[in-house]
Amino acid sequence: MEDDFIGFLGFLWSGFLWLVLAAVVCWLILIGLVAPLLDLDPMRVARKKMETAAQAVDYGAYQALSSANIRAQHRFAFKLDLYVERSDLERIPFPDRDATLEAVTKPWCAEAPWYWLPRVRFRDIRSGELLSSHWCL
C-alpha cells in the first residue's frame, strides 16, 4: 500500500515537472516567435485612441458651444476636463443642455474602457468651477 502511494506521488511529481516544462516551452515560443510581431507598447494604441476621442470631443464642444476658447485636460483613469466659457454653456437652453453635452461627450465615452468609470466634466475656464459632469455609463 505504501509503495502504491509513493508511486502515485512520483507520478504527480513527474506530471508537475512536465507541466512546468510545457509552460517554459510555450513561454519561449511566445517570446521568440509571437512577441516580435506584436506592438511592444500596448498603451500607445490606447493613448492614440483617447487622443482621437479627445479631439472629437473638442470639435463637438466647439460646434455646440460656438466658442474658440475651449481647453481639454486629460486626468487619470480616463477622466477629461473641458474648460469652457460659462456664458457659452449657459447659452444652451436648459432643457436641451443634457442632450447637447451628452452628444459632445459621446466620442470620449465610446473609446474609454468602462471599468475605469470614465467621465467628462465641463468647468469654467476662468474660475475652474464645475459646471456640468457626465459619467460614461
Side-chain angles (χ1 to χ4, degrees):
M1 178 92 167
E2 232 179 66
D3 291 335
D4 290 339
F5 183 72
I6 291 174
F8 178 71
L9 287 178
F11 174 75
L12 284 179
W13 180 250
S14 66
F16 175 75
L17 290 178
W18 279 108
L19 184 65
V20 169
L21 180 64
V24 168
V25 168
C26 288
W27 180 253
L28 290 174
I29 289 173
L30 178 69
I31 295 299
L33 300 176
V34 178
L37 302 175
L38 299 176
D39 187 6
L40 295 180
D41 186 9
M43 288 306 294
R44 180 174 52 133
V45 175
R47 277 193 300 270
K48 178 72 173 160
K49 284 174 49 175
M50 296 316 294
E51 286 174 8
T52 304
Q55 288 172 354
V57 169
D58 282 344
Y59 182 71
Y62 176 75
Q63 286 184 325
L65 303 175
S66 58
S67 172
N69 200 8
I70 298 171
R71 293 194 184 139
Q73 186 175 30
H74 297 252
R75 296 289 190 178
F76 178 73
F78 297 96
K79 308 293 191 270
L80 179 67
D81 283 349
L82 285 178
Y83 291 90
V84 298
E85 295 281 344
R86 175 187 291 270
S87 59
D88 292 336
L89 189 67
E90 289 176 348
R91 248 185 247 134
I92 301 171
F94 185 75
D96 301 334
R97 194 172 295 162
D98 280 340
T100 303
L101 296 181
E102 187 175 325
V104 168
T105 61
K106 190 174 275 191
W108 183 263
C109 294
E111 294 298 333
W114 64 269
Y115 48 84
W116 283 106
L117 300 175
R119 145 175 142 177
V120 179
R121 297 183 298 190
F122 292 85
R123 294 184 168 273
D124 184 17
I125 200 163
R126 296 186 196 288
S127 67
E129 180 185 349
L130 183 64
L131 302 174
S132 182
S133 180
H134 293 271
W135 290 93
C136 301
L137 299 177

Ala64 versus Thr100, closest heavy-atom pair with distance: CB-CG2, 3.7 Å
Just wondering, do Leu82 and Asp58 contact through their side chains at under 4.5 Å, heavy atoms? yes
Starting at OG of Ser132, measure out to CZ of Arg121 and round the result to the nearest 0.5 Å. 11.5 Å
Looking at every heavy atom in both Val104 and Val57, which two are closest together, and how far apart are they? O-CG2, 3.5 Å
Just how far is it from atom CH2 of Trp135 to atom CD of Glu102, taken to the nearest 0.5 Å? 15.0 Å
Which heavy atom in Asp124 sits nearest to a heavy atom in Tyr83, and how many Å separate them? O-CD2, 3.8 Å
The reported gap from CZ in Phe78 to SG in Cys109 (rounded to nearest 0.5 angstrom) is 12.5 Å
Within the 4.5 Å heavy-atom criterion, are Leu89 and Leu101 side-chain neighbours or not? yes
How long is the gap from CG on Leu131 to CZ on Arg86, to the nearest 0.5 Å? 5.0 Å
In terms of hydrophobic clustering (I, L, V, M, F, W, Y; side-chain heavy atoms under 4.5 Å; direct or indirect links), are Leu19 and Trp27 co-clustered? no
In one Ile/Leu/Val/Met/Phe/Trp/Tyr side-chain cluster, 4.5 Å: Phe94, Leu130: no
N/O donor-acceptor pair under 3.5 Å between Trp116 side chain and Lys79 backbone: no
Asp88 side, atom CG; Ile70 side, atom CD1 - distance, nearest 0.5 Å: 7.5 Å
I need the minimum non-hydrogen distance between Ala53 and Pro107, along with the two atoms involved. CB-O, 3.5 Å
Given Glu85, which partner from the list Arg71, Arg123, Arg126 fulfils the salt bridge (charged side-chain N to carboxylate O under 4.0 Å, His left out) test? Arg126
Charged N to carboxylate O below 4.0 Å: is that the case for Glu90 and Arg97? no
Transitively linked via ILVMFWY side-chain contacts under 4.5 Å: Trp108 with Leu137? no
State whether a side-chain donor-acceptor pair under 3.5 Å links Tyr59 with Gln63. yes
Go through it in stages, so that I can follow the logic: the residues are Leu21 and Trp18, the test is side chain to side chain contact (heavy atoms under 4.5 Å, CB included), and I'd like the CA-CA distance, side-chain angles, deciding distance and then a yes or no. CA-CA 5 Å; Leu21 180 64; Trp18 279 108; 3.7 Å; yes
Hey, what's the ring geometry for Phe122 with His134, parallel, tilted or perpendicular (30° and 60° as the breaks)? perpendicular
